[in-house]
Amino acid sequence: MHPKPLQPARLFLTDVIRVGGAGLRTRRLRVFLSALGIAIGIAAMTAVVGISSSSRAELDRQLAALGTNLLTVAPGNDLFGGGATLPDEAVPMIARIGPVTEVAATGKLSGLHVYRSDHIPAAQTGSISVQAAHLDLPRTVGATLADGVWLNLATARYPAVVLGNAAARRLGVVSVGDGVQVYLDRRWFTVIGILEPVPLAPELDAAALVGWDAAKTYLDFDGHPTTLYTRSRDASVEAVRAVLAATANPQSPNEVKVSRPSDALAARQATDRTFTGLLLGLGAVALLVGGVGVANTMVISVLERRAEIGLRRALGATRGQILLQFLSESLLLSALGGAGGVVTGIGVTTLYAGSRDWPAVVPPWATAGGILATLVIGAIAGLYPAVRAARLAPTEALAAP
């Protein structure tokens with residue numbers, strides 16, 4: 001019987017990792033410096049991504065306060081040049097638009113004025129308008145109260161009024177205590193709240209706001225809204241604007257005026273594109289530097305360890321096993337540097353964002369992508385040294401000095 005030819009030993013994944021780790025442990029200083037170079041590059045990339053994302057989150061927060069996603073709808077003119085009206089159902093119809101998140105309305109009461117007392121001459125109106133308001137108006141336009149409370153289901157049905165900041169100033173109302181009242185259409189209304197200035201809807205600053213039901217009951221309000229405020233998701237603002245007129249008044253969309261998106265939204269989108277290009281460029285440079293460092297380390301490692309390679313080949317190691325050994329060293333080295341870089345980058349981002357009172361934001365793709373990218377670069381950079389090591393003949397390698 002002929003003896004069976006010897007089969008080369010198989011290397012399992014744990015064996016490959018153990019052999020690759022042993023190669024790194026024997027050159028700790030060089031491995032540390034190489035991993036440090038990778039870590040610095042990845043830390044720089046992660047920190048730039050994190051700081052830029054944190055800055056963008058702060059910018060988004062500021063722009064959101066400026067109402068980048070706020071659109072207003074108002075009646076225009078009919079075919080004969082007269083004033084048009086919006087249907088009573090305009091608000092619920094707009095609320096059904098998928099991307100719309102908030103909608104509220106006001107209705108201007110023409111010919112009505114508000115006075116501090118019934119002894120004020122009628123001509124001294126103070127340019128204060130009287131408007132009916134929906135209960136969710138403050139949330140939609142970002143209004144806050146300087147004093148008192150906003151209208152609720154109860155007070156919106158009775159003679160209660162909330163004054164805009166400028167209106168309260170002109171009327172000499174500084175607080176809502178002790179049952180302060182104002183004179184409106186030959187009736188006393190109790191002041192229950194005073195608004196802070198509303199940057200997104202400055203027309204509300206000089207307004208006296210009463211409940212929708214109270215306006216119908218006491219002020220002969222016809223129920224037709226004159227201004228609708230809508231908020232929608234940022235990515236859908238243009239799409240929402242395109243259908244607002246037809247949704248608010250399906251029979252006569254040409255009689256509806258819709259505001260254009262805020263210039264801040266266009267600036268925000270341009271900023272996003274600029275940030276994306278910057279991050280891609282810096283990330284590419286960081287990965288290139290890390291890849292060069294890995295390739296340099298592995299080439300030198302192959303040159304220094306030719307005797308070891310020859311001995312392993314003489315003991316039966318195949319070319320594939322030698323290739324796996326050096327490729328695993330390259331991957332482990334890259335993973336070590338990448339993990340350290342990501343942790344360092346997150347720490348730098350957190351410290352810097354905290355010092356500027358920004359929200360600390362490090363996108364998940366930056367952390368996972370940083371490690372994955374280093375592994376890919378490590379594999380590419382270590383492939384040539386690994387192939388070179390695998391091609392060394394045992395005799396040639398053992399004869400090397």
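FYI, side chains are in, hydrogens and waters are out, and symmetry mates aren't considered; it's all heavy atoms of this structure.
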Leu145 and Ile194: CA distance, side-chain angles, deciding distance, side-chain contact (heavy atoms from CB on, under 4.5 Å) verdict: CA-CA 6 Å; Leu145 286 159; Ile194 300 173; 6.0 Å; no
Show the numbers, then the answer: is there a side-chain contact (heavy atoms from CB on, under 4.5 Å) between Val210 and Phe189? CA-CA 9 Å; Val210 300; Phe189 276 67; 3.9 Å; yes
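Put simply, the residue from Leu200, Val237, Val240 that forms a side-chain contact (heavy atoms from CB on, under 4.5 Å) with Arg231 is Leu200. Leu86 pairs in a side-chain contact (heavy atoms from CB on, under 4.5 Å) with only one of the listed residues (Thr227, Leu228, Val91), which is Leu228.
Of all non-hydrogen atoms in Val348 and Ile51, the two that sit nearest each other are CG1-CD1, 4.5 Å. Pairing each heavy atom of Thr46 with each of Ile346, the nearest pair is CG2-N, 4.1 Å. Between Gly148 and Val176 the shortest heavy-atom distance is CA-CG2, 3.7 Å. Minimum heavy-atom separation, Ala143 to Leu195: CB-CD2, 4.4 Å. When all heavy atoms are compared, the tightest approach of Pro75 to Ala84 is CB-O, 3.3 Å. The shortest non-hydrogen separation linking Arg116 to Leu171 is CD-O, 2.8 Å.
Counting only distance, with no hydrogens or angles, the side chain of Asp147 and the backbone of Gly193 share no donor-acceptor pair below 3.5 Å. At distances below 3.5 Å, not a single donor-acceptor pair connects side-chain atoms of Thr155 with backbone N or O atoms of Leu151. Distance alone, capped at 3.5 Å, is enough to place a donor-acceptor pair between the Tyr115 side chain and the Ala122 backbone. Without hydrogens or angle criteria, Thr226 side chain to Thr106 main chain gives a donor-acceptor distance under 3.5 Å. Between the Ser54 side chain and the Val361 main chain, a donor and an acceptor come within less than 3.5 Å of each other. With hydrogens and angles ignored, the 3.5 Å screen pairs a side-chain donor or acceptor of Thr230 with a backbone N or O of Leu71. Arg186 contributes no side-chain N or O that, together with a main-chain N or O of Asp118, makes up a donor-acceptor pair within less than 3.5 Å. Judged purely by atom type and a 3.5 angstrom limit, Arg170 uses its side chain to pair as donor or acceptor with the backbone of Gly126. Using a distance-only test at 3.5 Å, with no hydrogens or angles considered, no donor-acceptor pair links the side chain of Arg187 to the main chain of Tyr218. Under a 3.5 Å cut-off, the side chain of Trp150 and the backbone N or O of Leu135 do form a donor-acceptor pair.
No side-chain heavy atom of Asp222 sits under 4.5 Å from any side-chain heavy atom of Lys216. A 4.5 Å side-chain heavy-atom check between Tyr352 and Trp358 finds at least one atom pair inside the cut-off. A 4.5 Å side-chain heavy-atom check between Pro159 and Gln181 finds every atom pair outside the cut-off. Two residues are said to be in side-chain contact when any heavy atoms from C-beta on lie closer than 4.5 Å; Val362 and Val342 fail this criterion. Put simply, the side chain of Phe221 reaches to within 4.5 Å of the side chain of Trp212, judged on heavy atoms. Between Leu163 and Arg169 the shortest side-chain heavy-atom distance does not fall below 4.5 Å. Side-chain contact check for Val243 versus Ile97: some heavy-atom pair is nearer than 4.5 Å. No side-chain heavy atom of Thr190 sits less than 4.5 Å from a side-chain heavy atom of Val161.
Between Ile94 atom CD1 and Tyr229 atom OH the span is 13.0 Å, to the nearest 0.5 Å. Distance check: Leu109 CG to Asp185 CG gives 9.0 Å after rounding to the nearest 0.5 Å. Remark: Ser236 OG to Arg241 CZ distance equals 15.0 Å, nearest 0.5 Å. Interatomic distance, Leu184 CG to His113 NE2, rounded to the nearest 0.5 Å: 10.0 Å. To the nearest 0.5 Å, the span separating CG on Leu36 from OG1 on Thr344 amounts to 9.0 Å. Of the inter-residue distances, the one linking Glu102 atom CD with His134 atom NE2 reads 13.5 Å to the nearest 0.5 angstrom.
In this model, no donor atom of one side chain and acceptor atom of the other lie less than 3.5 Å apart for Ser252 and Asn249. Side-chain contact annotation: Glu196 with Thr144, donor-acceptor N/O pair under 3.5 Å absent.
Shown here is Asn152, whose CG atom has more than 12 heavy atoms of other residues, nucleotides or ligands within 6.0 Å. Around atom CZ of Arg157, no more than 12 heavy atoms belonging to other residues, nucleotides or ligands sit under 6.0 Å away.
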